[in-house]
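Within every chain, numbering begins at 1; the chains are lettered A, B, ... in the order of the sequence lines, protein sequences first and strands thereafter.
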Amino acid sequence: MTADLLQSLTDPQREAVLHVDGPLLVLAGPGSGKTRVITHRIAHLLSQGVRPTQIAALTFTNKAADEMRSRLDRLAPGENVWIGTFHRFCARLLRQYAEYRGLQPNYTIYDTSDSLSLLKRTIRETDVQLTHATPEQVASAISWAKNHLIEADRYVGGVNATGSIVERVYPKYQAALQQANAVDFDDLLMHVTLLLKENEELRASLDERFRYILVDEYQDTNLPQYAIVRAMSIQYPNLGVTGDPDQSIYGWRGANLKNILEFESDFPAVKVVRLEQNYRSTPNILSVADALIANNKQRKKKSLFTDNPAGKAVRMIQYSTHKEEAQAIAARISAQVAQGKRRPRDYAIFYRINALSRTFEDAMRQQGVPYMIVSGVEFYHRKEIKDLLAYALLMNNPRDDVAFERIVNVPKRAIGKATLLKVRLHAATEGLSMLEAAREAGMIDGLGNRAAVALAKFVALFDRLSTKINDPVEEILGFVLSESEFKRQYEATDDVEDQTRLENIEELLSSAREYDTEHPHDGTLEHYLEEKTLVNETDDFDAEMDRVTLMTLHAAKGLEFPVVHIVALEQGLLPHERSRENPEQLEEERRLLFVGITRAEEELDLSMARYRDFRGKRNMTIPSPFLMELPRDEMEVTEEQTAFAPDFPLDESFFPEFPISGQRSLDLPRPALPSAVTNIRTAADLLGEREGDAQPRVEPNAFVQGMVVTHDEYGLGKIIALSGEGAKRTATVRFASGAGEKKFRLAYSPLRPANSSRS
DNA sequence: TCGGGGCAGATTTTT
DNA sequence: TCTGCCCCGA
């Protein structure tokens, strides 16, 4: 490692980078150059003669791993250091040592929805009454158990209803996974933990093999992750972790803050380095963040500082309505972009829950501001994609019952519920997989001839597909498409959604092609499928796109933007309703806001609305208690008075005890009001409803296929499909504006034929 | 077997 | 308001 590389570091950074042997804890505040430290440290280790294969760098997201790899590549080109997520690391080890855990190396990894469907089936087949618990609750209880390394046979339910259900279902669910040669996300970690725990020789050899382990975002590790890295750091305790307790926002996923808070007692000889200088934000932003987080008890005190210029004051704005909040923000962005001050990609809007994105989306569209929503429906979770991949998954692991059930009747093959029930019963009694049971369709009692033939046809199809298993992935998927007549179900209709599905399938094929090109020699179907399961949509977040970013506070971690808006700072939303009961969760909500605030480089706007329409109801809000914790005298506190008077009358008589206007309303003491948000309907609402849009503006039958129409919000579009009759007559319109395709019930929509437009 | 309508329920979600 | 699931009718 060259001297000038070291020169570019600050003293504490250099101290961490130069650390070679023994445990290392880097407490890195936001924007303190943490990734830089990790990559430089790896480069330094290599320069000291450590072999690249002896180093493993573990992250939580693929995005972080990619970032790290590309930065390391600039410092130490071509070095074969293992960098990747915990899950990928475990998946790889588990493939190698599958038989230790009763699995075959070609095991399938179930994502959340796959495991939930297996769980639901297990519940149906277990004689339990689910009157007091939802399958989701059972799933999260099992997940909780796995994150605490409690195996199925050791789970004790305790007194509550869910507990006793879980006690009975968990072992069966685990058996079903085993039978299907499959694991869920939590299993990846748990299996590897137990692997290390139960096989001392193996543990020792891995400890020796990975002499230098680096863990990023250590505050987010859960018990299995902690156990894994500890188990591999006994003979060679060169475990280097970086993290920030103040940025731990995944407690609900089992992350244990104690892992980082107690690192020093776990490894007494640890070297601790604090990175407290911030290179990202202005002092104004930092001091707001600092004042907020100081209210947490569970933390290590840190003093953040920066040499950056002061910058603008942080703004705290109270709008009257959620609409006004969104429109004011959109208008502001639009104006600044128009003046050439900034580009759309300089802005981000963060909210606590996805459901809030709609209002902002609408406002952006109205103002003509380009935006992108990060998250939403994930590509690989779309039905058509999961269906198609399920064929490949079943080819790779014929025991994968979830995949079998997903595709056995897709496209429709007249294999219905009743038939499957019999197959499943046969499979269970004979100890077979679903596919094996289907092979014996002729021998299953009570199965009609028609059903048996349909099953036999499916099995024959599957066997034909299986001959291609060693072909390039794109060819395999293409073969599946042509042989299974999978596409036909979407091609037959003129439904636009089917059109979109076909496009998604094309996209999947091109991703497969890409995979084939990247892995000309070492590509396998199994590896391709694993990659697809262990990625997620936010990994594709593209900062290069010149658009305003809309995302949840959780998704914002690790990112930075010149201008940040954090919206809906209201009691019940941030902190979220569900975190009310317990103080630890409240602290986590505070950290969430802290993470959001510290994403901002130059400008930060915090806002709330006095009224918010949510889930179809109009609510009066209560300011977030977090707002009371901020240093108001350093901030610019504003209350917008420009009400949307006509459609949003603010009638003080409804809430005499709660001042609606007036300078001091942001200074309200901590809410003494009942925590339930009040639901109000004004007379004007009711009036509006009555006079509203219930009448058709244009006779539904006046619309015809191909007609050019206009919509107040989305502009010009063309009718590309029509369906239904009378009040249900629905048009699908493709808009020119980039709003894409929308469906409208013609009797209620504001659509008008374009030529007859009159405002 | 299959599709539509009606109804409950609705954080966050690195993998 | 929006979505996903369950049940019923054909």
Query raised in the report: Does OP1 or OP2 of dT13(B) have a side-chain N or O of T552(A) closer than 4.0 Å?
Result: yes
Query raised in the report: Taking atom types as they are modelled, is there a donor-acceptor pair under 3.5 Å from the base of dT15(B) to the side chain of R253(A)?
Result: yes
Query - Length of the CZ-P vector between F60(A) and dT15(B), whole Å - result: 11 Å
Query - Nearest-Å distance for atom pair NZ/P, residues K383(A) and dC5(C) - result: 13 Å
Requested in this report: For A418(A), report the nucleic acid contact type (base, sugar-phosphate, nothing); a contact means any heavy atom under 4.0 Å.
Outcome: sugar-phosphate
Query raised in the report: Which of the following nucleotides, dT15(B), dT12(B), dT14(B), is nearest to the side chain of W252(A)?
Result: dT12(B)
Query raised in the report: In chain order, what residues pass the ring-ring contact (aromatic ring centres under 6.0 Å, His included) check against Y107(A), with sequence neighbours excluded?
Result: none
Requested in this report: Output all residues satisfying ring-ring contact (aromatic ring centres under 6.0 Å, His included) with W252(A), sequence neighbours left out; order by chain, then residue number.
Outcome: Y250(A), H554(A)
Query raised in the report: Between H191(A) and Y97(A), does the ring centroid distance fall short of 6.0 Å?
Result: no
**Report entry** 5'-most by nearest nucleotide on DNA chain B - R413(A) or T85(A)
**Finding:** R413(A)
Query raised in the report: Roughly how many Å is it from CZ in F360(A) to C1' in dT1(C), rounded to a whole number?
Result: 16 Å
Query - Length of the line joining E136(A):CD and dC5(C):C1', which is rounded to integer Å - result: 10 Å
Query raised in the report: Considering only dT11(B), dG3(B), dT15(B), which nucleotide approaches the side chain of L534(A) most closely?
Result: dT15(B)
Query raised in the report: Taking atom types as modelled, is there a side-chain donor on T61(A) or K557(A) under 3.5 Å from an acceptor on the other?
Result: no
Requested in this report: In whole angstrom, give me the gap between the C1' atoms of dT12(B) and dC5(C).
Outcome: 23 Å
Requested in this report: Consider the side chain of I353(A), meaning its heavy atoms from C-beta on, and name the nucleotide among dT13(B), dT12(B), dC5(C) that approaches it most closely.
Outcome: dT12(B)
Requested in this report: Answer with base, sugar-phosphate or nothing: what part of the nucleic acid does T419(A) contact at a heavy-atom distance below 4.0 Å?
Outcome: sugar-phosphate
Requested in this report: Indicate, with a heavy-atom threshold strictly under 4.0 Å, whether R88(A) touches base, sugar-phosphate, or nothing.
Outcome: nothing
Requested in this report: Name the nucleic acid region contacted by D220(A), choosing base, sugar-phosphate or nothing; use a 4.0 angstrom heavy-atom cut-off, strictly under.
Outcome: base
Report task. Establish, with yes or no, whether the OP1 or OP2 oxygen of dT1(B) is under 4.0 angstrom from a side-chain nitrogen or oxygen of N409(A). Result -> no
Query raised in the report: Heavy atoms under 4.0 Å, any strand shown: does E589(A) hit a base, just sugar-phosphate, or nothing?
Result: base
Query - Between R88(A) and N62(A): side-chain donor-acceptor atoms closer than 3.5 Å - result: yes
Query raised in the report: What's the CG-C1' distance between D184(A) and dT13(B), to the nearest Å?
Result: 15 Å
Query raised in the report: How long is the line joining CG of L592(A) and P of dT14(B), in whole Å?
Result: 14 Å
Query raised in the report: Looking only at atom types and distance, does a side-chain atom of R352(A) sit under 3.5 Å from a main-chain N or O of L593(A), one as donor and one as acceptor?
Result: no
Query - F350(A) CZ to dT12(B) C1', straight-line distance once rounded to whole Å - result: 15 Å
Query raised in the report: Is the aromatic ring of H554(A) within stacking range of dT12(B), meaning centres under 5.5 angstrom and planes under 30 degrees?
Result: no
Query raised in the report: Say you pick atom P in dG4(C) and the same atom in dT13(B); how far apart are they, in whole Å?
Result: 16 Å
Requested in this report: Measure the distance from NE2 on H576(A) to P on dT11(B) and round it to the nearest whole Å.
Outcome: 6 Å
Query - Sidechain-backbone polar pair: R612(A) side chain, N619(A) backbone, donor-acceptor under 3.5 Å - result: no
Query raised in the report: Base, sugar-phosphate, or nothing: which does K557(A) touch, judged by heavy atoms less than 4.0 Å apart?
Result: nothing
Query raised in the report: Planes under 30° and centres closer than 5.5 Å, is that true for F86(A) with the base of dT15(B)?
Result: no
Requested in this report: Under the side chain to side chain donor-acceptor pair (under 3.5 Å) rule, what do S248(A) and Y218(A) come out as? Steps first, then yes or no, please.
Outcome: CA-CA 9 Å; S248(A) 162; Y218(A) 190 69; over 6 Å; no
Can you tabulate the close N/O pairs, meaning under 3.5 Å, that link protein atoms to atoms of nucleotides 8-10 of chain C?
none

Query raised in the report: Below 4.0 angstrom from OP1 or OP2 of dT12(B), is there any side-chain N or O of N354(A)?
Result: yes
Query raised in the report: Are OP1 or OP2 of dG9(B) and a side-chain N or O of R615(A) less than 4.0 angstrom apart?
Result: no
Query - Sole residue of D400(A), N396(A), D114(A) in side chain to side chain donor-acceptor pair (under 3.5 Å) with T108(A) - result: D400(A)
Query raised in the report: Does N222(A) put a side-chain nitrogen or oxygen below 4.0 Å from OP1 or OP2 of dT14(B)?
Result: no
